[in-house]
Amino acid sequence: MAATAGLSRSLVRTVNELLKKRRYRTALAVIKGFRNGAVYGAKIRAPHALVMTFLFKSGSLQEKIKAILQATFTHSRNLAYFVFTYKGLLATQEKLHGSRWQFHSFLAAMVGGWLVFGDNNHINSQINMYLLSRVLFGLSRLAVEKGYIPEPKHDVFPLFSALVWGFVLWLFEYHRHTLQPSLQSSMTYLYDDSNIWHDIRDFLISNKAKPTK
């Protein structure tokens, strides 16, 4: 036992010394990026998948748990792969050019996005749609900062909100198939299911009455 404990402490010291070496810092940052991507992806997806699965999906408990684990694994794996790819390509370009340039980030992320998030599945679709809204916001703010478009004299957020909600409900009511399945499920619960009830049970207590045996 004492020999094993001593060996473990020696191994930890060796690893800690390796982590402090500056010449390995770039490679180690790529590895830690992979780790952080996996952890963050699991933290983000697990609670979301848990809620959405039990709220909107049918099936046995085993099937629901399997769906939650699969969604969590896919999100975690993809984010880990992307961070690894992005940081690796970023470091490679910096090594080749001798310094970091702005287009390095764009090119590395493009390649990573193509390889990792280019597969058209519901997990990647949700992630890409999430990022798209933030990219549009960021580009709008940057355009104002750079003077490409004049800074609004009044708060435009109310107009932005009005247009977003106007378009999404119009699409839901008349072109529902164009919306993402998870959004369709949420809006069906809010706007369609609220039109249906039979008695107090499915009017206030639950959304849908359980079938009587």
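We use all heavy atoms of the structure for the numbers below, so side chains are in, but hydrogens, waters and symmetry mates are not.
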Does Phe103, at its CZ atom, have more than 12 non-hydrogen atoms belonging to other residues, nucleotides or ligands within less than 6.0 Å?
yes
How about His48 and His75: are their ring centroids closer than 6.0 Å?
no
Taking atom CG of Leu11 and atom CG of Asn16, what is their separation to the nearest 0.5 Å?
9.5 Å
Could you walk me through whether Gln93 and Leu96 satisfy the side chain to side chain contact (heavy atoms under 4.5 Å, CB included) test, starting with their C-alpha distance in whole Å, then the side-chain angles of each, then the deciding distance to 0.1 Å, before giving a yes or no?
CA-CA 5 Å; Gln93 291 178 98; Leu96 290 173; 5.6 Å; no
Can you find a side-chain donor-acceptor pair between Gln184 and Thr188 that sits under 3.5 Å?
no
For residues Ile68 and Ile127: do they belong to one hydrophobic cluster (side chain heavy atoms under 4.5 Å, members Ile, Leu, Val, Met, Phe, Trp, Tyr)?
no
Tell me, please, which residues at least two apart from Lys20 pass side-chain contact (heavy atoms from CB on, under 4.5 Å).
Glu17
Gap separating the OG atom of Ser186 from the OH atom of Tyr191, nearest 0.5 angstrom:
10.0 Å
To the nearest 0.5 Å, what is the distance between CG (Leu190) and CG (Asn207)?
9.5 Å
Who else is in the cluster with Ile149 when I, L, V, M, F, W and Y are joined by side-chain contacts under 4.5 Å?
Val144
Are Arg77 and Thr74 close enough that some pair of their side-chain heavy atoms sits under 4.5 Å apart?
yes
Among the clusters formed by ILVMFWY side chains lying less than 4.5 Å apart, do Phe117 and Leu132 turn up in the same one?
no
What residues, two or more places apart in sequence or in another chain, satisfy side-chain contact (heavy atoms from CB on, under 4.5 Å) together with Trp114?
none
Can you see which heavy atom on Asp193 is nearest to which on Lys208, and at what distance?
OD2-CE, 3.8 Å
Shortest non-hydrogen separation from Lys64 to Lys57 and the atoms involved:
CE-O, 3.2 Å
Are Ser182 and Gln126 close enough that some pair of their side-chain heavy atoms sits under 4.5 Å apart?
yes
With sequence neighbours left out, the residues meeting side-chain contact (heavy atoms from CB on, under 4.5 Å) with Leu69 are Ile65
Heavy atoms of Tyr86 and Ser105 approach each other most closely as OH-OG, 3.2 Å
Could you tell me whether the side chain of Val83 reaches within less than 4.5 Å of the side chain of Asn36, counting heavy atoms only?
no
Determine whether more than 12 heavy atoms belonging to other residues, nucleotides or ligands lie under 6.0 Å from atom OH of Tyr130.
no
Between the main-chain N or O of Tyr81 and the side-chain N or O of Thr85, is there a donor-acceptor pair closer than 3.5 Å?
yes
Using 0.5 Å steps for rounding, measure from the CG atom of Leu179 to the CE atom of Met129.
11.5 Å
Around atom CG of Asn120, are there more than 12 heavy atoms from other residues, nucleotides or ligands closer than 6.0 Å?
no
Hey, any chance Ile44 and Phe34 share a hydrophobic cluster, counting ILVMFWY side chains that come within less than 4.5 Å of each other, even indirectly?
yes
Inter-residue atom distance Arg176.CZ - Asp192.CG, 0.5 Å rounding
4.5 Å
Please report the closest heavy-atom contact between Glu63 and Ser60, naming both atoms and the distance.
OE1-N, 2.9 Å
Would you mind writing out the side-chain donor-acceptor pairs for residues 160-175 within the sub-3.5 Å range, not counting sequence neighbours?
| residue | atom | partner | partner atom | Å |
| --- | --- | --- | --- | --- |
| Ser161 | OG | Phe157 | O | 3.1 |

Is there a path of hydrophobic side-chain contacts, each under 4.5 Å between heavy atoms, that joins Tyr189 and Leu55?
yes
Check Pro47 against Ala42 and note the closest heavy-atom contact, atom names and distance.
CD-O, 4.2 Å
So how far is it from Arg45 CZ to Ser76 OG, rounded to the nearest 0.5 Å?
11.0 Å
Determine the minimum heavy-atom distance between Leu90 and Ala108, stating which atoms define it.
N-CB, 4.0 Å
Student check: side-chain heavy atoms of Leu19 and Leu28 closer than 4.5 Å:
yes
Is a donor on one side and an acceptor on the other found under 3.5 Å between the side chain of Asp119 and the backbone of Asn121?
no
Answer yes or no: are there more than 12 heavy-atom neighbours, outside Arg25 itself, under 6.0 Å from its atom CZ?
no
Check for me, please, whether Tyr40 and Leu50 land in the same ILVMFWY cluster - side-chain distances under 4.5 Å, paths through other members count.
no
Check the angle between the aromatic planes of Phe203 and Trp197 and answer parallel, tilted or perpendicular using the 30° and 60° thresholds.
perpendicular
Other ILVMFWY residues reachable from Leu139 by side-chain steps of under 4.5 Å:
Val135
